[in-house]
Amino acid sequence: MIMKPRLMVKANLENGLELSLEPETRHYLIHTLRRQKGTELLLFNNQGPECEWEATLVETHPEARVLVHRAIQVARESTLKITLISGLLKGDATEWVIQKATELGVSQFIPLQSQRTVARIAHERWPNKERRWNRIVEEAAEQSERVKLMDIHPPVEWSQLPALLPATPRYLFWEEHADAPARLRTLPPPGTGVTLLTGPEGGFSSEEVQQAETSMGFKILSLGPRILRADTAAVAVVTAVQTLWGDLG
Ligand code: SAM
């Protein structure tokens with residue numbers, strides 16, 4: 001059975017509406033997927049209730065036009081509302097984390113510039129980076145069949161964190177424990193949401209860990225005896241809480 005292409009569109013959707021697709025979406029549909037007139041599609045626009053829309057490709061040239069049919073309600077959002085705060089990483093590691101976090105159902109991603117963060121995003125570079133990261137989220141949503149997009153927050157400094165933290169249980173993951181550290185599986189279920197914080201390649205300073213614990217309400221947890229790469233740790237903690245308390249396990 002040929003899978004129906006699933007496309008994110010930035011438009012209101014309603015039964016009977018005919019709309020043109022963005023040039024890059026047209027290119028993907030016509031030239032990458034080589035779809036023709038009459039192709040059945042599934043559209044979503046990240047607005048309103050969690051649903052996708054059946055549509056038909058009715059024109060391919062010079063622009064791609066689709067006729068929207070009915071909405072289909074879906075339930076693919078994580079039952080656990082996860083906020084992932086991850087130290088900004090070098091190269092395209094943050095982009096990999098963003099893609100995996102979207103697939104794993106994270107609702108908000110906050111890139112953190114902390115004491116030992118090597119990568120930093122200059123203010124004037126943020127608009128381009130934001131467009132690129134949001135495109136990664138859209139493509140990961142299309143692939144994973146999410147119809148709601150993970151929200152990407154602009155990069156924040158450590159001092160800005162307290163004002164941003166959701167009112168949920170908060171866990172900071174630290175590998176430099178002296179004594180026997182707490183582990184996720186020993187904790188009670190966090191309720192409807194959880195906030196996870198993992199560090200950059202250089203980790204957290206002990207002052208940051210202490211501040212997080214004493215003035216931000218974070219519980220400091222270990223991920224066991226092996227030191228995970230920063231990108232691995234960010235994805236591992238989401239996978240762990242989704243398995244323990246969400247909809248993965
Ligand atoms: N100290 C590490 C090292 O020597 O490579 C640097 C930090 S580690 C690469 C990046 C982040 O992953 C840490 O800040 C922490 O959040 C998380 N992490 C990695 N392994 C961990 C573990 N065993 N327990 C808890 N957190 C871990």
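Remember, it's 1-based here, ligands and their atoms both numbered in the order they're listed.
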Open item on the list: Quick check: Ala230 and ligand 1, any N/O pair under 3.5 Å apart?
Closed with: no

Open item on the list: More than 12 heavy atoms of other residues, nucleotides or ligands under 6.0 Å from CD of Gln210: yes or no?
Closed with: no

- [ ] Answer yes or no: does an N/O atom from Pro225 fall short of 3.5 Å to an N/O atom of ligand 1?
- [x] no

Task: Geometric class of the Phe173/Tyr171 ring pair [parallel <30°, tilted 30-60°, perpendicular >60°] - done: perpendicular

TODO: Going by the salt bridge (charged side-chain N to carboxylate O under 4.0 Å, His left out) test, name the single residue among Glu103, Glu52, Glu50 that passes it with Arg76.
DONE: Glu52

Task: Residue portion contacting ligand 1 (non-hydrogen atoms closer than 4.0 Å) for Ala234 - done: neither

- [ ] Consider every N or O of Gly202 and every N or O of ligand 1, then say whether any pair is closer than 3.5 Å.
- [x] no

- [ ] Salt-bridge test for Glu63 and Arg65: reply yes if a basic N is under 4.0 Å from a carboxylate O, no otherwise.
- [x] yes

Task: Closest approach of any protein heavy atom to atom 1 (N) of ligand 1, naming residue and atom - done: Glu175 OE2, 2.6 Å

Task: Enumerated ligand 1 atoms positioned under 4.0 Å from heavy atoms of Arg226 - done: 20 (N), 22 (C), 23 (N)

TODO: Return yes or no for this condition: an N or O of Leu228 is under 3.5 Å from an N or O of ligand 1.
DONE: yes

Task: Per-atom contacts of ligand 1 with Gly203, taking only distances under 4.0 Å to non-hydrogen atoms - done: 6 (C), 7 (C), 14 (O)

Open item on the list: Counting non-hydrogen protein atoms only, what is the nearest one to atom 6 (C) of ligand 1? Give residue, atom name and distance.
Closed with: Glu201 O, 3.1 Å

